[in-house]
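A short write-up of the structure that comes next.
In what follows, chains carry the letters A, B, and so on, assigned in the order in which the sequence lines appear, proteins first and then strands, with residues in each chain numbered from 1.
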Number of protein chains: 2
Amino acid sequence: MTEIEPIRRTSLHSELVRRLKELIADGALRPGSKLVEKDLCDSFGVSRTPLREAIRALAAEGLLVLTPNRGATVATVTEDQILESFLVMGALEGLAGELAAPRITGAQMAALRAAHAAMLDCRRAGDLDGYYAQNRAIHDTIFDAAGNGTLSETRRMVHRRIVNLRFIARIGDEEWAIAIAEHEEMLVALEARDGPALGAVLRRHLESKRQQVARWLARQG
Amino acid sequence: MTEIEPIRRTSLHSELVRRLKELIADGALRPGSKLVEKDLCDSFGVSRTPLREAIRALAAEGLLVLTPNRGATVATVTEDQILESFLVMGALEGLAGELAAPRITGAQMAALRAAHAAMLDCRRAGDLDGYYAQNRAIHDTIFDAAGNGTLSETRRMVHRRIVNLRFIARIGDEEWAIAIAEHEEMLVALEARDGPALGAVLRRHLESKRQQVARWLARQG
DNA sequence: TTACAGAATTATGTATACAAAATTACGCTT
DNA sequence: AAGCGTAATTTTGTATACATAATTCTGTAA
């Protein structure tokens, strides 16, 4: 029996949204750089119509900035906006913690412990990418456990502004130790199913990250 | 000297975004209703190209939902999403309060007191629209005073989901009394420049609103 | 009458064509 | 050579045309 071909029910413009997001996330399209429609059409092999729809969608999401009659540029994020975002993330993660602690399932708890262990391995191995991935998995799981889709979606919007920091951030030994200690506090609060405690730990965790980033930014101007 | 004509530097699609947002906010386009491109083109007097760009932008913002090959519908908000949104709003307003209290200016404080007084007048006059406007002004001022643009923007996104409740919500006497008492607590915390206190009041304020809405929704199913 | 198959119509998705604004190139003047 | 104004080119904005999927209509059979 021949395998069923994966019919493409997706439209060109939504596919373009996906691809452009990747290019921006990977840094292939740098913040501030201009998007020339013709060039992108040629490289993607599509006409301007779906490309422009994709550009408008990304602009509405805040990833691009439109200037009338002058096209789109990749949105830039100022240092102030980064620090602002950490404050907002603190409030969101705090709420996530409060909601997650009484609701987390055994499977989610196990996933969290596994991710934490994997994160420690990554640290020992000096695997920075792996560390970020595991860290991300931990926080994702907490938001999943919170069971509030609006919260998760809101977090995604804000998180996008700070995720690119991974390109420039170097984590010092003591900073790493702090982060791991805070993560272990999270596990304790989760096991105790203590929502307020987990919320407090997460708020503190985000605040210490914010201060780390503030120091990095101050150091390199 | 003839007055300078206001040149329209705005594009059709961004204008369409504005108009469509209005139609959705006013309830002229009901949640769940389908947007037929040709009909909208005829009524706006534009071609499909800019209209579709506007539709894609609104979909990216979450106001519309796209179904492949089947067009756009106005996003529906479930009761769960409304209650979720109040939880997120609580976290955001709490942070706004913490930041605003130490930073608020004299002018902003005066505006707050004026809006509060006007809100009381609206209550006495039974002016529900005025009440909502003043209430909105109070919370806007607090977010302005917080001085965190990311926070304000995040709040706007979440607020959109619950703003349409004003169409269905009837405020009982005791609910009104609670809201006013909480607003007066806010003014006290602001005068004391006590961030944590203002944050706590705002979190409590949003939580009591959430519970009110939960009761309304439960009552009318 | 109801159910269903297939044609006709309508709506959406994409490409192309045309208009207007912005950018670049070029030549002129100083 | 530098500055500036104008023409040529490029790029964006909008309209139209064509292709394909979805819906509606219609006629036939049970």
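Residue H139(A) is tested with H159(A), H205(A), H116(A) for a ring-ring contact (aromatic ring centres under 6.0 Å, His included); the sole match is H205(A).
For dA15(D), neither phosphate oxygen OP1 nor OP2 lies less than 4.0 angstrom from any side-chain nitrogen or oxygen of R48(B). Here K38(A) does not reach the OP1 or OP2 of dT9(D): none of its side-chain N or O atoms lies under 4.0 Å away.
Taking atom NE2 of residue H13(A) and atom P of nucleotide dT14(C), one finds them 7 Å apart after rounding to whole Å. Going from atom CZ of R70(B) over to atom P of dT23(D) covers 5 Å, rounded to whole Å. A straight line from CG of L12(A) to C1' of dA21(D) spans 14 Å, rounded to a whole angstrom.
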Exercise for the section: Mind running side chain to side chain contact (heavy atoms under 4.5 Å, CB included) on K38(B) and D42(B) for me, showing each step along the way? Expected result: CA-CA 6 Å; K38(B) 177 144 195 328; D42(B) 290 347; 3.1 Å; yes
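Each of dA22(C), dT14(C), dT12(C) was ranked by its minimum atom distance to the side chain of N69(A); first place goes to dA22(C). Here the side chain of E37(A) is nearest to one of dA21(D), dA15(C), dT12(D), namely dT12(D).
Comparing D39(B) and T49(B) by the nucleotide of DNA chain C whose heavy atom lies nearest to each, the residue mapping closer to the 5' end is D39(B).
Relative to the six-membered ring of F143(A), R155(A) meets both conditions, a distance below 6.0 Å and an angle of at most 45° to the axis.
Counting only heavy atoms from C-beta outward, the side chains of R156(B) and D140(B) never approach each other to under 4.5 Å.
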